[in-house]
Amino acid sequence: MTTIKLHNTKTRKREDFVPIDPKNVRMYLCGPTVYDRAHLGNARPVLVFDVLNRLLRHVYGEEHVTYVRNFTDVDDRINETAQKRKAAGAEGTLEELIHERSNETIHWYHEDMDALGARRPDHEPRATEYIAQMIAMIEDLIAKDHAYAAEGHVLFAVDSWKEHYGSLSGRSVDDMIAGARVEVAPYKRNPMDFVMWKPSPDDLPGWDSPWGKGRPGWHIECSAMAKELLGEQFDIHGGGNDLMFPHHENEIAQSCCANDTDTMANYWLHNEMLQVEGKKMSKSLGNFFTVRDLLDQGVPGEVIRFVMLSTHYRKPMDWTEKKREEAEKTLRLWNDPDVVGFVTAHDKKPDRDVVEPLLNDLNIHGAIAELHKMYKEERFEQLIRSATFLGLPAGNGEFFMRLKALEQTQNWHEAGEELKFYAGKLNELRGEAMQTKDFSAVDSFRKMLLDAGVEVKITKAGAEAIPTSDYDHSKLEPLE
RNA sequence: GGCGAGUUGGCGGAGUGGUUACGCAGCGGAUUGCAAAUCCGUGUACAGGAGUUCGAUUCUCCUACUCGCCUCCA
């Protein structure tokens with residue numbers, strides 16, 4: 001049996017992955033809060049766990065994996081947009097406008113992640129559809145003295161689980177209190193107690209509960225949805241490492257106390273953060289951008305995917321222009337119909353050489369290195385199958401043409417036709433020059449083409465003129 | 001201050017207790033009127049110090065530096 005090794009945050013060690021039930025391997029990933037377009041950093045966990053999802057299905061069978069990724073659609077930023085729209089005269093109730101904003105954002109999210117080649121999870125629960133389960137869980141926690149209601153809030157009492165709380169992130173309750181810089185709400189018994197339910201302001205919608213009209217805290221959402229869809233205990237829980245504390249820590253506390261278990265998930269996987277040109281992506285630094293921004297700039301989703309997968313998930317990854325270029329170059333080679341052929345892989349079974357590195361804590365870059373070898377050794381059939389498995393394009397002539405078209409003019413075919421005449425002229429001049437040994441006319445003609453942003457290739461078959469992204473028709477001198 | 005991750009050749013980026021990463025760039029060659037493109041070949045590395053070991057880039061400890069989290073940001 002093939003064994004997958006994964007670095008478990010819980011133990012800080014690389015461990016053999018042993019599923020609870022090989023017939024149903026269960027994985028939960030914390031999904032986005034749907035208040036706006038996904039930024040580039042949001043794409044990292046999606047792609048990392050997309051590969052893990054593919055790998056699990058490869059090892060355990062397509063039908064033996066359940067992958068859940070939630071949508072958090074309870075959020076002040078969603079409400080804000082809805083309120084603004086209402087103030088601007090939009091039709092419908094505030095509730096409707098809020099729902100509309102969530103729907104809109106979820107639609108964008110799907111569009112963008114689809115473009116990156118991420119397979120959709122089996123379930124994509126929305127928090128607002130699981131309020132009843134959350135309330136039930138909270139009631140249960142109160143009954144078990146792990147939580148208490150105060151001033152319309154319900155808080156989890158960390159002291160009731162003091163010996164376990166903090167074990168994932170390696171902190172103790174006492175340490176955390178010592179280092180805490182947050183202002184403590186007066187109704188908290190312990191400064192580290194966190195909110196599971198809070199009252200809704202009068203001007204915002206909420207749900208009826210035993211503690212009055214209100215809404216759930218962020219952490220209880222994941223606990224409730226994971227339990228409902230994956231059971232009290234499941235195999236893998238993932239997310240960005242910024243979620244390790246407090247989000248995941250709180251999930252564990254809620255779930256274990258409510259379910260009377262000592263474990264929520266057996267394996268916790270956390271991806272490192274994304275940086276842009278060496279710095280953290282932030283609006284103030286001006287290096288903040290969304291996946292959509294890149295796609296609109298003409299960066300193919302496949303290229304974004306390739307760059308993202310090139311760095312191991314537990315290392316900080318830097319998005320740079322140079323990487324984008326290299327990725328594009330590589331994918332161009334792998335998809336050149338003249339070299340690789342023009343094939344669609346029906347069989348998505350990856351080669352053993354590509355699976356091997358993946359088994360070792362998702363060494364995706366190692367797998368990509370194998371793809372390079374396959375290309376070099378002209379094992380194109382393997383290349384196509386294996387790349388397809390990783391969600392990367394290979395042997396896809398359509399993609400190749402798309403890349404070409406992108407880096408060339410807005411109307412590549414038109415320019416190509418036009419340039420045929422120039423290529424012909426160049427051939428003519430060369431033919432003459434071969435006789436006279438005077439190449440000055442050839443060189444100056446070629447320089448004119450280069451200045452106009454035309455790439456000139458000379459092969460045995462003759463000269464070829466190809467427009468580049470700098471192609472400027474007006475710089476071409478008319479042919480007599 | 002607390003917790004965690006990282007530090008590999010010009011750049012990106014894997015991996016290993018003793019052996020080739022891989023890609024890009026560079027260099028040499030083939031090809032070419034000269035180039036470009038392409039093909040072939042090729043050099044350079046494991047932050048610093050101490051320890052364990054027959055032997056460490058790989059294990060342990062210390063130091064330095066970088067980054068993240070501790071603020072419902074993946």
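The sequence lines fix the lettering, A, B, ..., with proteins before strands; numbering per chain opens at 1.
The same atom, C1', is picked in B/rG26 and in B/rC11; the two are 11 Å apart, to the nearest Å. Across the P atoms, B/rA74 and B/rG6 are found 23 Å apart, a figure rounded to whole Å. Using P as the reference atom, B/rU20 and B/rA25 are 24 Å apart when rounded to the nearest Å. Here the separation of B/rC3 from B/rC61, taken at their P atoms, is 15 Å to the nearest Å. Here, B/rG13 and B/rA21 have their C1' atoms 10 Å apart, quoted to the whole Å. Using C1' as the reference atom, B/rA56 and B/rA47 are 16 Å apart when rounded to the nearest Å. B/rA30 sits 14 Å from B/rA36 when the P atoms are compared, rounded to a whole Å. For B/rG10 and B/rA5, the C1' atoms lie 26 Å apart once the distance is rounded to whole Å.
Base pairing analysis places B/rC73 opposite nothing; no Watson-Crick or G-U wobble pair with both distances below 3.5 Å involves it. Under the Watson-Crick or G-U wobble criterion, with both distances below 3.5 Å, B/rG6 is paired with B/rC65. Under the Watson-Crick or G-U wobble criterion, with both distances below 3.5 Å, B/rC34 has no partner in any strand shown. Applying the Watson-Crick and G-U wobble criteria (two distances, each under 3.5 Å), B/rG41 pairs with B/rC27. The partner of B/rG51, taking Watson-Crick or G-U wobble pairs whose two distances both stay under 3.5 Å, is B/rC59. The partner of B/rA14 is absent, by the rule that a Watson-Crick or G-U pair needs both atom distances under 3.5 Å.
Within the nucleic acid shown, A/Val195 has no heavy atom closer than 4.0 Å to any nucleic acid atom. Base contact: A/Phe439 has a heavy atom under 4.0 Å from a base atom. Residue A/Arg324 is out of contact with every strand shown, counting any heavy-atom pair closer than 4.0 Å. Residue-level contact check: A/His39 touches the bases, meaning some heavy atom is under 4.0 Å from a base atom. Looking at heavy-atom distances under 4.0 Å, A/Asp76 makes no contact with the nucleic acid at all. Residue-level contact check: A/His365 touches the bases, meaning some heavy atom is under 4.0 Å from a base atom. When heavy atoms are screened at a 4.0 angstrom cut-off, A/Gly41 is found touching base atoms of the nucleic acid. Across all strands shown, A/Met244 has no heavy atoms under 4.0 Å from either base or sugar-phosphate atoms.
Out of B/rG15, B/rG23, B/rC69, the shortest distance to the side chain of A/Phe245 is found at B/rC69. Listed nucleotides B/rA14, B/rA74, B/rG68 differ in distance to A/Asn241; the shortest reach to its side chain belongs to B/rG68. Checking B/rA74, B/rA14, B/rC69 against the side-chain heavy atoms of A/His312 singles out B/rA14 as nearest. Among the nucleotides B/rC11, B/rC73, B/rA5, the one closest to any side-chain atom of A/Lys322 is B/rC11. Taking every side-chain heavy atom of A/Thr33 into account, B/rA74 is the closest of B/rA74, B/rG33, B/rC22. Closest approach to the A/Leu274 side chain among B/rA74, B/rG15, B/rA5 is made by B/rA74 (side chain taken as heavy atoms from C-beta onward).
No more than 12 heavy atoms of other residues, nucleotides or ligands lie within 6.0 Å of NE2 in A/His107, so this atom counts as exposed by the packing criterion.
Using a 4.5 Å heavy-atom cutoff, the side chains of A/Glu221 and A/Tyr130 are not in contact. Side chains of A/Phe71 and A/Tyr109 form a contact here, defined as non-hydrogen atoms less than 4.5 Å apart.
If you measure from atom CE of A/Met448 to atom P of B/rA35, you get 22 Å, rounded to the nearest angstrom. For A/Leu40 and B/rA74, the CG to P distance is 13 Å, given to the nearest whole Å.
The aromatic rings of A/Phe445 and A/Tyr422 sit parallel, their planes meeting at an angle under 30°, below the 60° perpendicular limit.
Under 4.0 angstrom from either OP1 or OP2 of B/rU7 there lies at least one side-chain N or O belonging to A/Lys315. The side chain of A/Thr311 contributes an N or O atom lying less than 4.0 Å from OP1 or OP2 of B/rG13. Regarding contacts with the backbone of B/rA25, a side-chain N or O of A/Lys329 is found under 4.0 angstrom from either OP1 or OP2. For A/Arg69, no side-chain nitrogen or oxygen approaches OP1 or OP2 of B/rA74 to under 4.0 Å. Not one side-chain nitrogen or oxygen of A/Arg446 sits closer than 4.0 Å to the OP1 or OP2 atom of B/rA36. The phosphate of B/rG13 (OP1 or OP2) has a side-chain N or O of A/Lys323 nearer than 4.0 angstrom.
A residue-by-residue look at A/Ile368 and A/Leu243 shows that A/Ile368 has its nearest nucleotide of RNA chain B further toward the 5' end. When each of A/Lys373 and A/Asn363 is assigned the nucleotide of RNA chain B with its nearest heavy atom, A/Asn363 is the one assigned upstream, toward the 5' end.
A/Asp443 contributes a side-chain N or O that forms a donor-acceptor pair with the base of B/rG33 under 3.5 Å.
Under the 3.5 Å distance criterion, with hydrogens and angles disregarded, a donor-acceptor pair is assigned to the side chains of A/Asp159 and A/Asn190. When only modelled atom types and interatomic distance are considered, A/Asn8 and A/Glu15 share a side-chain donor-acceptor pair under 3.5 Å.
Here the two rings, on A/His312 and A/His365, have centers that are 6.0 Å apart or farther. Outside the 6.0 Å centre-distance limit, the rings of A/Trp268 and A/His7 are not counted as a close aromatic pair.
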